[in-house]
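In what follows, a structure is listed as structure tokens, so that the remarks can point back to it.
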Amino acid sequence: MTACSQTKAGSQSAPAGTQGAGAVKVGLVTKTDTNPYFVKLRDSAKEEATKQGAELIALAGKFDGDNEGQVAAIENLVQQGVKGILITPNNSTGILGALKKAKDRGVLVIALDTETDPKEAVDATYATNNVTAGELQGKYVKAALGSTPPKVLMIDGTAGGTVDEQRHRGFLQGMGLAEGDPAILGKENANGDQNKAQTAMENLLQRASGVNAVYTLNEPSARGAFAALKAKNLTGKVKLASIDGGCQGVQDVKDGKYLATVMQFPKKMAAQGVAAVATFAKDGTKPTGFQDTGAQLISDTPVPGLDIKDTAWGLQNCWG
């Protein structure tokens, strides 16, 4: 019998009677437990743990950027005797001390979705190449603009976040822009939150005119940006795209809320991570290095030179 014990950082696991006697314990620490992306990652980890005859203990920060909550979660999991910890770091440097203590106790540590800094702070990373994902978004927006000079607003994520920086940088590369280029009319952090993104977009629109392209960190941010653009009757004038590839995001593309999204594959990240812990528990084999789990542009409006799948494919494979 196996079980998934989901608790907040610092709280206790599920009662012992719900756990598999003698099962390998796998810890999972996500940035939050409410973002649909991390819900999918957690569900996929639970499914793979069941297949492996392992027990998943899922913890999370209270909000995107809650580094202290993740540190407490790591310490909690080590105390519970996990064989491995899978983590999506809120802060790629803020958890290094806690991860080192876990590794010193013989715990296998794998980053999912987000790299640590330095990368060697974990045994391995299973993630999207987020520079590539941002670059694909940028290339699509640039192609959609055609010969029109870009005037860009950027809805970023959390200051100092590795994924946030990588996607931002990749988008600019895809657009052929350098940081500080006059074509960038403004940018604000929205922590990947839809409501914050809407407010940020409203603020940016008050200060900038002539915008024709918008970068968004993720699909909740894109939905917030879309709402703000719609209120100003700008949706048909602005090229908006995003990254995530969740089922809702793909449906948003199909419905015309934004032109394209870049799909990630969190199910693959989580399943491979849990399987790696199970293998480590069995024979001591450790995974190493960066394992790229892929990125795929999704749109119903193809552009030359880019590999694009339509939303029908996207809805069949969202977050697969």
Side-chain angles (χ1 to χ4, degrees), residues 6 8-9 30-43 60-70 88-91 113-114 130 133-134 137 141 152-168 171 184-209 211 213-264 266 298 318-319:
Q6 183 189 346
K8 292 286 188 180
T30 51
K31 295 180 182 180
T32 74
D33 61 6
T34 55
N35 184 306
Y37 181 83
F38 297 118
V39 171
K40 179 66 174 181
L41 194 146
R42 184 185 68 227
D43 290 347
K62 295 179 180 178
F63 53 88
D64 199 325
D66 180 16
N67 182 70
E68 291 183 1
Q70 288 200 316
T88 61
N90 265 314
N91 184 307
D113 179 70
T114 304
N130 282 290
Q137 184 187 167
V141 170
V152 184
L153 293 176
M154 305 188 72
I155 304 297
D156 286 313
T158 303
T162 302
V163 169
D164 313 78
E165 184 277 328
Q166 289 175 341
R167 292 184 183 180
H168 177 107
F171 176 83
I184 304 170
L185 304 183
K187 54 188 178 181
E188 280 199 21
N189 292 326
N191 303 107
D193 179 85
Q194 181 172 337
N195 292 331
K196 290 180 180 178
Q198 181 172 345
T199 300
M201 192 78 230
E202 291 168 349
N203 292 338
L204 290 169
L205 289 172
Q206 289 176 359
R207 303 195 298 265
S209 60
V211 57
V214 172
Y215 160 80
T216 58
L217 171 80
N218 63 3
E219 288 166 354
S221 297
R223 284 190 282 275
F226 172 80
L229 291 167
K230 184 177 180 181
K232 294 287 187 179
N233 296 314
L234 291 173
T235 53
K237 302 175 183 178
V238 176
K239 308 302 182 184
L240 171 63
S242 198
I243 301 172
D244 266 352
C247 297
Q248 181 60 57
V250 176
Q251 186 65 47
D252 288 343
V253 173
K254 184 176 181 179
D255 292 343
K257 292 184 178 180
Y258 30 102
L259 292 175
T261 191
V262 181
M263 182 177 289
Q264 303 184 91
I298 305 294
C318 45
W319 282 348

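When Asp64, Thr158, Asp156 are each tested for a side chain to side chain donor-acceptor pair (under 3.5 Å) with Asn191, only one passes: Thr158.
Taking the side chain as every heavy atom from C-beta outward, Ile243 and Phe171 never approach each other to under 4.5 Å. Considering only heavy atoms from C-beta on, Phe226 comes within 4.5 Å of Leu240 through its side chain. You'll find the side chain of Phe38 reaches within 4.5 Å of the side chain of Asp113, heavy atoms only. Proximity of His168 to Met154: side-chain heavy atoms (C-beta onward) are separated by under 4.5 Å at one or more points. Residues Asn130 and Gln264 form a side-chain contact, since some pair of their non-hydrogen atoms from C-beta on lies under 4.5 Å apart. Counting heavy atoms from C-beta on, the side chains of Asp244 and Trp319 come closer than 4.5 Å. For the pair Leu259 and Val141, the minimum side-chain heavy-atom distance is 4.5 Å or more.
Nearest heavy-atom pair across Gly157 and Asn189 is O-CB, 3.1 Å. Heavy-atom minimum distance, Leu185 versus Ser209: CD1-O, 3.7 Å. In terms of heavy atoms, Thr162 sits closest to Thr114 at CB-CG2, 4.1 Å. The two atoms that bring Ala208 and Leu153 nearest to each other are CB-CD2, 4.0 Å, heavy atoms only. In terms of heavy atoms, Ile155 sits closest to Ala197 at CG2-CB, 3.9 Å.
For Glu188 (side chain) and Asn203 (main-chain N/O), no donor-acceptor pair under 3.5 Å exists by modelled atom type. At distances below 3.5 Å, at least one donor-acceptor pair connects side-chain atoms of Asn35 with backbone N or O atoms of Tyr37.
In summary, the side chains of Thr216 and Ser242 do present a donor paired with an acceptor at a separation below 3.5 Å, with no hydrogens or angles considered.
Looking at residues two or more places apart in sequence or on another chain, you find no ring-ring contact (aromatic ring centres under 6.0 Å, His included) involving Tyr258.
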Evaluate the criterion salt bridge (charged side-chain N to carboxylate O under 4.0 Å, His left out) for residue pair Arg223 and Asp252; output intermediate values, then yes/no.
CA-CA 8 Å; Arg223 284 190 282 275; Asp252 288 343; 2.8 Å; yes
